[in-house]
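Taking it in order: structure first as structure tokens, then the write-up.
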Amino acid sequence: MARAVTTQHKTIATAAAWIVALLIFFPILYTIITSFKSEQEAIQGFNLIPSGTFESYSEVQAQSGYFKFFFNSVLLSVGSTILALLVAVPAAWSMAFSPTKRTKDILMWMLSTKMMPAVAVLFPIYLIFRDTGLLDSRIGLMVMLMLINLPIVVWMLYTYFREIPGEILEAARMDGASLWNEIIYVLTPMAVPGIASTMLLNIILAWNEAFWTIRLTTTNAAPLTAFISSFSSPQGLFWAKLSAASTLAIAPILIMGWFSQKQLVRGLTFGAVK
């Protein structure tokens with residue numbers, strides 16, 4: 001029997017949710033507000049009332065072309081996500097439906113790689129990229145972003161695949177389906193919500209990756225994270241321009257997240273309720 005929830009409890013929970021949401025969103029809001037200020041106004045202190053000037057946006061666009069960096073971000077995030085899925089779907093299938101006694105150990109080992117500081121492997125990775133001619137290349141950075149996020153993609157897909165009854169795949173085998181037909185025509189359609197949410201999350205992670213994108217690129221493959229970092233200067237008068245560049249960089253991913261929030265929530269809760 002479900003427990004009754006009073007109107008007072010609903011009001012308190014709603015107010016608490018709004019407060020937490022505003023606290024999380026406030027840095028983004030203040031960045032947007034600061035982007036509509038002049039540099040003199042931006043350094044004067046905390047102020048939630050912008051002057052409404054587009055001076056910073058004009059200077060940002062004049063200093064460096066936004067769309068080149070935007071195109072690189074789209075190409076790198078989408079490309080690395082497709083590469084990750086091509087590797088992760090068969091890997092998650094094998095771990096979910098043909099597990100061995102080492103499957104859990106492999107999953108934990110993959111997850112443990114995310115605990116290692118990225119700076120610890122910067123030098124060898126940089127040398128590998130330099131010696132193979134992959135520095136400042138879209139292909140090299142795409143592979144790097146795929147490898148960074150691959151453990152998370154495998155873990156998420158493994159969790160979704162575990163919720164699919166194995167009897168369905170056994171029935172497909174009895175009907176003569178091959179391994180790839182089983183994965184493509186039976187498993188994948190049933191896990192569309194999970195795969196969609198995994199894709200969205202991986203795109204967001206790749207879009208926001210700054211450590212590797214800044215250090216492995218200069219001009220040709222530089223995404224929006226490098227675009228943002230180019231507006232910091234030792235003189236100190238860069239807060240408004242930096243905020244404008246940050247707003248331009250996060251706007252596409254915010255819009256995508258807003259319109260796909262239902263699919264993202266559905267995928268992240270896939271299989272959570274029996």
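Just so you know, these numbers come straight off a predicted model, no measurement behind them.
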Looking at [atom1] of [X] and [atom2] of [Y], how far apart are the two atoms once the value is rounded to the nearest 0.5 Å?
X	Y	atom1	atom2	value
Leu107	Trp155	CG	CH2	5.0 Å
Lys68	Ser73	NZ	OG	12.0 Å
Leu145	Leu150	CG	CG	12.0 Å
Thr198	Leu201	OG1	CG	7.0 Å
Leu83	Asn149	CG	CG	11.5 Å
Met199	Leu85	CE	CG	5.5 Å

In the structure I gave you, are the side-chain heavy atoms of [X] and [Y] within less than 4.5 Å of one another anywhere?
X	Y	value
Arg215	Phe129	no
Val60	Tyr66	no
Ser58	Glu55	no
Met156	Ile195	no
Ile32	Ile28	yes

No-hydrogen, no-angle side-chain donor-acceptor test under 3.5 Å, [X] and [Y]:
X	Y	answer
Asn72	Arg138	yes
Thr213	Thr225	yes
Tyr160	Ser197	yes
Thr218	Asp136	yes

Can you check side-chain contact (heavy atoms from CB on, under 4.5 Å) on Leu48 and Phe26, steps first, answer last?
CA-CA 11 Å; Leu48 289 176; Phe26 182 77; 3.9 Å; yes
Met146 vs Ile82, side-chain contact (heavy atoms from CB on, under 4.5 Å): CA-CA, chis, key distance, verdict
CA-CA 9 Å; Met146 181 270 288; Ile82 294 174; over 6 Å; no
Ignoring hydrogens and geometry, is there a side-chain-to-backbone donor-acceptor pair from [X] to [Y] under 3.5 Å?
X	Y	result
Tyr126	Leu216	no
Asn208	Ile204	yes
Trp93	Leu187	no

Give me the ring orientation class for Tyr57 and Phe36: parallel if the planes are under 30° apart, tilted from 30 to 60°, perpendicular past 60°.
tilted
According to the interplanar angle, ranging from 0 to 90°, do the rings of Phe70 and Phe67 count as parallel (below 30°), tilted (30 to 60°) or perpendicular (above 60°)?
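If you compare the ring of Phe70 with that of Phe67, the planes turn out perpendicular.
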Which is it for Leu134 and Val143 under the side-chain contact (heavy atoms from CB on, under 4.5 Å) test, yes or no, and what are the steps along the way?
CA-CA 10 Å; Leu134 292 176; Val143 172; over 6 Å; no
Other residues, nucleotides and ligands only: do more than 12 of their heavy atoms fall within 6.0 Å of [atom1] on [X]?
X	atom1	result
Ile139	CD1	no
Phe211	CZ	yes
Arg162	CZ	no

Could you tell me which non-hydrogen atom of [X] sits nearest to which non-hydrogen atom of [Y], and how far apart they are?
X	Y	value
Pro151	Met110	CB-O, 3.4 Å
Lys37	Tyr30	NZ-OH, 3.8 Å
Pro189	Val192	O-CG2, 3.2 Å
Ser137	Ala221	C-CB, 3.6 Å
Ala245	Ile228	O-CG1, 4.0 Å
Ser77	Asn202	O-ND2, 4.4 Å

Are [Y] and [X] connected into the same hydrophobic cluster when the rule is that any two of I, L, V, M, F, W, Y join if their side-chain heavy atoms are below 4.5 Å apart?
X	Y	answer
Phe97	Leu157	yes
Leu75	Leu200	no
Phe71	Trp207	no
Leu147	Tyr158	yes
Trp212	Leu224	no

Run the side-chain contact (heavy atoms from CB on, under 4.5 Å) test on Ile168 and Val186 for me, step by step, so that the C-alpha distance in whole Å, both residues' side-chain angles and the decisive distance to 0.1 Å come before the verdict.
CA-CA 8 Å; Ile168 296 177; Val186 180; 3.8 Å; yes
Considering only residues two or more places apart or on different chains, which pairs with a residue in residues 109-119 satisfy side-chain hydrogen bond (donor to acceptor under 3.5 Å, both in side chains)?
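Those involving residues 109-119 do not exist here.
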Using side-chain contact (heavy atoms from CB on, under 4.5 Å) as the criterion, point out the one residue from Leu248, Leu242, Thr247 that pairs with Ser35.
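So, applying the side-chain contact (heavy atoms from CB on, under 4.5 Å) to Ser35 and each of Leu248, Leu242, Thr247, only Thr247 qualifies.
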